> 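Dumping the structure here so I can ask a few things about it.
Just so it is clear: chains get the letters A, B, ... in the order the sequence lines come, proteins before strands, and each one is counted from 1. Just so you know, these numbers use all the heavy atoms, side chains as well, and skip hydrogens, waters and symmetry mates. Everything numeric here is computed off the predicted structure, so don't read it as measured data.
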Amino acid sequence: MTEIRLRFPPSPTGYLHIGGARTALYNWLYARKMGGKLILRIEDTDTERSSEALAQGIIDGLEWLGIDYDEGPYYQTEFAADHRAAAAKLLASGHAYKCFCTKEELEAKRERALAAKLPLGYDRTCRYLTAEEVAAKEAAGLPSVIRFKVPERQGMLGYDDVVLGRIEADYKEIDDFVIVRSDGSPLYLLCNVADDIRDRISHVVRGQDHMTNTLKQVLLYEALEAPLPVFAHIPLTLDNKKAKISKRSHGEVVSVQFYQEMGFLPWAFNNYLVLLGWSPGNDQEFFSRDELIQAFSLERINKSSAVFNYTKGDAKFFTDPKAIAINEHYLRVMPVEELAPLVEERLRAADIWDAAWATEKRDWFLRVIALIRDRFHTLNDFASLGRAYFAEDYVIEEKPLKKNVLPYPDLKTWLPELADRLAALAPFTAENAEETARRMADELGQKPGVLINAMRTAVTGQLAGPSMFDVLLAIGQDKVVSRLRRIDHLFAV
RNA sequence: GUCCUCAUCGUCUAGUCAGGUCCAGGACACCGGCCUUUCACGCCGGCAACACCGGUUCAAAUCCGGUUGGGGACGCCA
């Protein structure tokens with residue numbers, strides 16, 4: 001039985017985006033499920049547009065997602081000798097030929113074909129050159145590329161795709177594609193196959209934009225006398241206008257790094273991605289790592305493309321609402337102990353981290369996280385919306401101020417009075433605090449909500465939050481008292 | 001233009017291969033209710049789809065043909 005080997009071959013000409021990450025995820029899931037290997041291969045043969053920084057960004061993105069690989073990263077440029085050897089082999093065996101047509105000539109032909117609404121393929125001018133003609137042109141110093149000689153056969157060229165089924169095309173429809181540039185450097189179609197053969201890749205899982213490339217590559221495998229891998233062409237991810245998503249036209253929101261910065265949980269993001277083109281066949285939507293590996297299968301990948309449901313400028317959702325919903329779900333249900341270090345990271349970034357929260361005050365820290373996480377969307381919310389729990393320089397928001405404080409000028413005396421009463425409490429418990437607040441409201445002839453909501457505004461700066469008395473306990477008697485006494489600045493606007 | 005390919009709620013999808021159990025199920029979003037000091041969470045309920053036409057069949061989301069629509073490829077990019 002042959003080993004299961006998959007690869008993720010990004011080209012470092014851009015950032016790791018949603019589509020690429022999903023492709024990596026599917027490859028990873030299948031490799032892990034089958035007990036196979038995943039290989040990371042950086043396809044950097046386009047030296048014009050590739051950069052080491054971009055390659056590193058992709059590697060970092062995979063690491064954040066938790067997509068680990070067993071071999072690599074390999075860099076395709078390091079295997080140039082293999083690619084040239086493959087090209088030489090094809091030339092020697094008569095599967096390829098030298099083409100002396102210039103870019104200008106080809107461009108002119110292409111223009112004419114476009115205008116005449118004819119097929120755009122190469123007209124095979126150089127395919128029928130005699131050995132003498134080729135020698136003469138070379139002697140004259142004319143530059144040439146190497147083209148693959150597509151066999152002239154009856155019937156259909158095709159392959160079996162795990163996702164799409166049988167894919168076929170007439171041999172006549174396949175162009176004599178270029179495999180080596182005029183400067184001698186081999187091109188993607190060839191390099192990719194040569195590498196996959198050398199790396200003994202058994203399954204090629206990639207986007208549907210490669211469907212027609214695969215037809216050509218099948219020919220390459222055959223000419224190179226190598227066994228065909230299993231192909232699985234996964235659906236593309238489109239935007240809500242059905243256009244292919246790209247960093248250029250969609251910006252940050254399609255890059256993996258954006259989700260890292262926005263405070264997504266890596267696993268939540270994977271969980272969202274896997275559902276964009278695959279389903280387990282039942283209603284399960286949340287998976288642990290092991291569950292997903294177990295449930296995943298190439299056969300259940302969808303045929304049709306998926307839409308990344310992002311609306312630019314949406315006031316409520318900064319990305320696909322489903323992605324946010326999944327992130328919220330994990331934020332609420334994951335063990336607090338696992339969440340804590342991720343929150344710590346965000347608090348550190350916001351410069352409000354206290355080392356004691358990881359040691360003697362760890363219990364308190366975990367309790368606060370458990371208390372406030374229900375209302376949050378991302379990790380970043382802990383440092384912004386949750387700031388009052390961790391720092392004194394929290395922001396008093398406009399809305400609660402206008403709704404709960406400014407309409408009641410008497411709060412200027414009420415809140416300090418309440419502060420005094422709370423300061424006198426021993427023990428300081430949620431029950432005692434509530435009792436105190438309610439009794440005072442009663443004495444003032446006010447509804448308890450007036451005091452409670454004003455307290456919330458003064459103590460947390462927020463319009464909403466957990467049960468007020470749990471909040472008081474979480475923030476602590478001393479801080480609550482001092483925040484309530486400092487009420488004047490609320491009216492100073 | 002040529003070729004390849006896809007088509008179920010606004011979005012992600014189940015159901016299609018083995019036609020009846022589907023006047024189509026789940027999730028997100030949206031709307032309403034319960035809970036409540038607030039807002040969430042949670043729970044309950046609602047809105048909402050088989051692209052179209054024809055054929056096969058007792059019976060079609062499901063099989064066949066066509067139409068329309070979407071996507072991809074057609075590079076000395078990957």
Side-chain angles (χ1 to χ4, degrees), chain A residues 9-14 43-46 48-50 76 99 101-103 106-107 110 113-122 143-147 164-165 167-170 172-175 177-183 185 187-189 191-192 207-216 233 235-236 238 240 242-244 272 275-286 302-310 316-317 320-326 328 332 372-376 400 403-404 434 437-438 441 447-453 455-457 462-469:
Chain A
S11 77
T13 53
E43 305 216 325
D44 55 348
T45 53
D46 182 0
E48 294 284 300
R49 297 188 299 148
S50 297
Q76 195 166 44
C99 170
C101 297
T102 64
K103 278 185 189 174
L106 294 172
E107 188 54 34
R110 199 169 175 285
L114 213 50
K117 303 195 172 183
L118 291 168
L120 304 176
Y122 177 57
S144 64
V145 300
I146 300 176
R147 285 184 184 273
L164 267 1
I167 303 295
E168 285 186 324
D170 199 300
K172 287 191 285 291
E173 296 294 338
I174 314 295
D175 225 17
F177 51 98
V178 177
I179 53 177
V180 179
R181 294 183 178 91
S182 54
D183 68 359
S185 59
L187 258 4
Y188 167 78
L189 250 16
C191 298
N192 187 250
Q208 285 177 6
D209 48 346
H210 286 285
M211 267 164 69
T212 44
N213 280 337
T214 303
L215 254 4
K216 294 173 179 171
H233 288 95
L236 264 16
L238 310 177
N240 55 9
K242 301 274 181 163
K244 204 174 161 183
Y272 163 72
L275 261 13
L276 213 54
W278 173 87
S279 93
N282 55 39
D283 291 338
Q284 185 172 1
E285 299 218 278
F286 298 106
N302 279 305
K303 294 177 171 200
S304 50
S305 47
V307 170
F308 167 59
N309 192 20
Y310 159 70
K316 192 166 177 189
F317 302 105
D320 189 333
K322 184 120 185 177
I324 298 175
I326 291 175
E328 290 168 347
R332 294 194 285 275
I372 62 182
R373 64 171 168 176
D374 275 359
R375 287 161 184 77
F376 292 169
K403 185 176 177 211
N404 297 327
E434 178 161 9
R438 284 183 186 278
K447 283 194 267 184
V450 172
L451 280 184
I452 293 170
N453 290 326
M455 240 195 303
R456 183 188 306 287
T457 306
Q462 299 283 311
L463 183 63
S467 167
M468 194 55 224
F469 303 100

> Looking at side-chain heavy atoms only, is the closest gap between Phe177(A) and Leu187(A) below 4.5 Å?
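No; the side chains remain at least 4.5 Å from each other.
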> Given atom CG of Asp320(A) and atom P of rU11(B), what is their separation to the nearest angstrom?
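After rounding, the reported distance stands at 12 Å.
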> Consider the side chain of Thr212(A), meaning its heavy atoms from C-beta on, and name the nucleotide among rA78(B), rU38(B), rA73(B) that approaches it most closely.
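For Thr212(A), the side-chain atoms sit closest to rA73(B).
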> OP1, OP2 of rA78(B) versus side-chain N and O of Arg49(A): anything below 4.0 Å?
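So the side chain of Arg49(A) is outside the cut-off, no N or O lying under 4.0 Å from OP1 or OP2 of rA78(B).
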> From the options rA73(B), rU38(B), rA7(B), select the nucleotide whose nearest atom is closest to the side chain of Ser304(A).
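Nucleotide nearest to Ser304(A)'s side chain: rA7(B).
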> Pick the C1' atom in rC9(B) and in rA18(B), then give their distance to the nearest Å.
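Taking atom C1' in both rC9(B) and rA18(B), they lie 27 Å apart.
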> Hey, does the side chain of Asn282(A) come within less than 4.0 Å of rU13(B)'s phosphate (OP1/OP2), counting only N and O?
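False: Asn282(A) side-chain N/O out of range (4.0 Å or more) of rU13(B) OP1/OP2.
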> Base, sugar-phosphate, or nothing for Pro321(A), non-hydrogen atoms under 4.0 angstrom?
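Touches sugar-phosphate only.
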> Can you tell me which nucleotide in rC12(B), rA78(B), rA27(B) comes closest to the side chain of Arg181(A)?
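Nearest to the side chain of Arg181(A) among the choices is rA78(B).
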> Report yes if at least one side-chain N or O of Arg332(A) is closer than 4.0 Å to OP1 or OP2 of rA40(B); otherwise report no.
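So the side chain of Arg332(A) is outside the cut-off, no N or O lying under 4.0 Å from OP1 or OP2 of rA40(B).
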> Can you check the distance between rC12(B) and rU68(B), where both ends of the measurement are the C1' atom (answer in whole Å)?
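These two C1' atoms come out 25 Å apart once rounded.
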> Distance check, C1' atoms only: rC28(B) and rU21(B), in whole angstrom units.
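Going atom to atom, C1' in each nucleotide, I get 28 Å.
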> How do Phe317(A) and Asp374(A) order along RNA chain B: which one's closest nucleotide is nearer the 5' end?
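Looking at the nearest nucleotide for each, Phe317(A) comes out on the 5' side.
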> I'd like the C1' distance from rG1(B) over to rA61(B), given in whole Å.
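Per the computed distance, 34 Å lies between those C1' atoms.
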> What nucleic acid atoms does Glu434(A) come within less than 4.0 Å of, heavy atoms only: base, sugar-phosphate, or nothing?
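No contact.
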> Pick the C1' atom in rA49(B) and in rC41(B), then give their distance to the nearest Å.
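That atom pair is separated by 30 Å.
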> Measuring only between side-chain heavy atoms, which start at C-beta, is Phe469(A) closer than 4.5 Å to Ile452(A)?
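Touching, per the 4.5 Å side-chain cut-off.
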> Base, sugar-phosphate alone, or nothing: which one does Lys242(A) contact when heavy atoms must sit under 4.0 Å apart?
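Sugar-phosphate contact only - Lys242(A) comes under 4.0 Å of backbone atoms but never of a base.
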> Report which part of the nucleic acid Lys447(A) touches: base, sugar-phosphate, or nothing (heavy-atom distance under 4.0 Å, all strands).
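No contact.
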> Counting side-chain heavy atoms from C-beta on, which of rC4(B), rA78(B), rG26(B) comes nearest to Ser11(A)?
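Nucleotide nearest to Ser11(A)'s side chain: rA78(B).
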> Which listed nucleotide (rC76(B), rA14(B), rC74(B)) is nearest to the side chain of Asn302(A)?
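The closest nucleotide is rA14(B).
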> Contact class for Ser182(A) (heavy atom, under 4.0 Å): base, sugar-phosphate, or nothing?
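Base: the residue Ser182(A), judged by heavy atoms under 4.0 Å, touches a nucleobase.
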> Report yes if the side chains of Leu275(A) and Ile326(A) come closer than 4.5 Å at any heavy-atom pair, otherwise no.
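In short, these two side chains touch, coming nearer than 4.5 Å.
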> Choose from rG71(B), rC76(B), rG25(B) the nucleotide whose nearest atom is closest to any side-chain atom of Leu238(A).
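Closest nucleotide to the Leu238(A) side chain: rG71(B).
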> Tell me what Leu463(A) touches on the nucleic acid: a base, only sugar-phosphate, or nothing, going by heavy atoms under 4.0 Å.
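Base contact.
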> Give Lys244(A) one of three labels, base, sugar-phosphate or nothing, depending on what nucleic acid heavy atoms sit under 4.0 Å from its own.
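Counting heavy atoms under 4.0 Å across all strands, the contact made by Lys244(A) is with sugar-phosphate only.
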> For nucleotides rC76(B) and rA14(B), find the distance between their P atoms and express it as a whole number of Å.
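The answer is 39 Å between these two P atoms.
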> Look at the side chain of Arg375(A) and the base of rC41(B), then say whether one donor and one acceptor between them are separated by less than 3.5 Å.
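Absent.
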> Hey, are Lys322(A) and Asp320(A) close enough for a salt bridge, meaning a charged N less than 4.0 Å from a carboxylate O?
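Salt bridge between Lys322(A) and Asp320(A), a charged N being under 4.0 Å from a carboxylate O: no.
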> Between Leu106(A) and Met468(A), which is nearer to the 5' end of RNA chain B once each is assigned its nearest nucleotide?
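Mapping each residue to its closest nucleotide by heavy atoms, the 5'-most match is Met468(A).
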> Would you indicate what Asn404(A) reaches in the nucleic acid, counting non-hydrogen atoms under 4.0 angstrom: base, sugar-phosphate, or nothing?
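No contact at all - Asn404(A) keeps every heavy atom at 4.0 Å or more from the nucleic acid.
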> Which of these nucleotides, rU11(B), rC4(B), rU38(B), is closest to any side-chain atom of Asn309(A)?
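Of all the options, the side chain of Asn309(A) is nearest to rU11(B).
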> Expressed as a whole number of Å, how far does the P atom of rC17(B) sit from that of rC63(B)?
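So the two P atoms sit 5 Å from each other.
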> Would you say Gln208(A)'s side chain and Ser304(A)'s backbone share a donor-acceptor pair under 3.5 angstrom?
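Absent.
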> What is the distance, to the nearest angstrom, from the NZ atom on Lys303(A) to the P atom on rC12(B)?
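Value for this atom pair: 17 Å.
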> Can His210(A) be called stacked on rA78(B) when the rule is centres closer than 5.5 Å and an angle between planes below 30°?
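Ring-base stacking flag set for His210(A) and rA78(B).
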> Tell me what Arg456(A) touches on the nucleic acid: a base, only sugar-phosphate, or nothing, going by heavy atoms under 4.0 Å.
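Result for Arg456(A) = base.
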> Counting side-chain heavy atoms from CB outward, which of rC77(B), rC3(B), rC74(B) is closest to Ala169(A)?
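Among rC77(B), rC3(B), rC74(B), the one nearest the side chain of Ala169(A) is rC3(B).
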> On the side chain of Asn192(A), is there an atom forming a donor-acceptor pair with the base of rA78(B) - under 3.5 Å, no angle test?
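Donor-acceptor pair under 3.5 Å: no.
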> Is the phosphate of rC6(B) approached by Ser305(A) (side-chain N or O, under 4.0 Å from OP1 or OP2)?
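No, because none of the side-chain N or O atoms of Ser305(A) sits under 4.0 Å from OP1 or OP2 of rC6(B).
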> Over all strands shown, is Phe177(A) touching base, sugar-phosphate only, or nothing at heavy-atom distances under 4.0 angstrom?
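Answer is nothing: Phe177(A) stays at 4.0 Å or more from every strand.
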> State whether Arg110(A) places a side-chain N or O below 4.0 Å from either non-bridging phosphate oxygen (OP1 or OP2) of rG75(B).
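Yes, Arg110(A) has a side-chain N/O under 4.0 Å of OP1/OP2 on rG75(B).
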> Measure from the side-chain heavy atoms of Leu275(A) and tell me the nearest of rC12(B), rC6(B), rC39(B).
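Of all the options, the side chain of Leu275(A) is nearest to rC12(B).
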> Pick out the pairs of N or O atoms, protein on one side and nucleotides 49-53 of chain B on the other, that lie under 3.5 Å.
none

> Using a 4.0 Å heavy-atom cut-off across all strands, classify Glu285(A) as base, sugar-phosphate, or nothing.
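Contact class for Glu285(A): base.
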> Taking the same atom, C1', in rA24(B) and in rA48(B), what whole-Å distance lies between them?
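Pairwise C1' distance, rA24(B) against rA48(B), rounds to 12 Å.
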> So, is Thr45(A) close to the rA78(B) phosphate, meaning a side-chain N or O under 4.0 Å from OP1 or OP2?
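So the side chain of Thr45(A) is within the cut-off, an N or O lying under 4.0 Å from OP1 or OP2 of rA78(B).
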> Look at the side chain of Val145(A) and decide which nucleotide, out of rC76(B), rA14(B), rU2(B), has an atom nearest to it.
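Selected nucleotide (nearest to the side chain): rC76(B).
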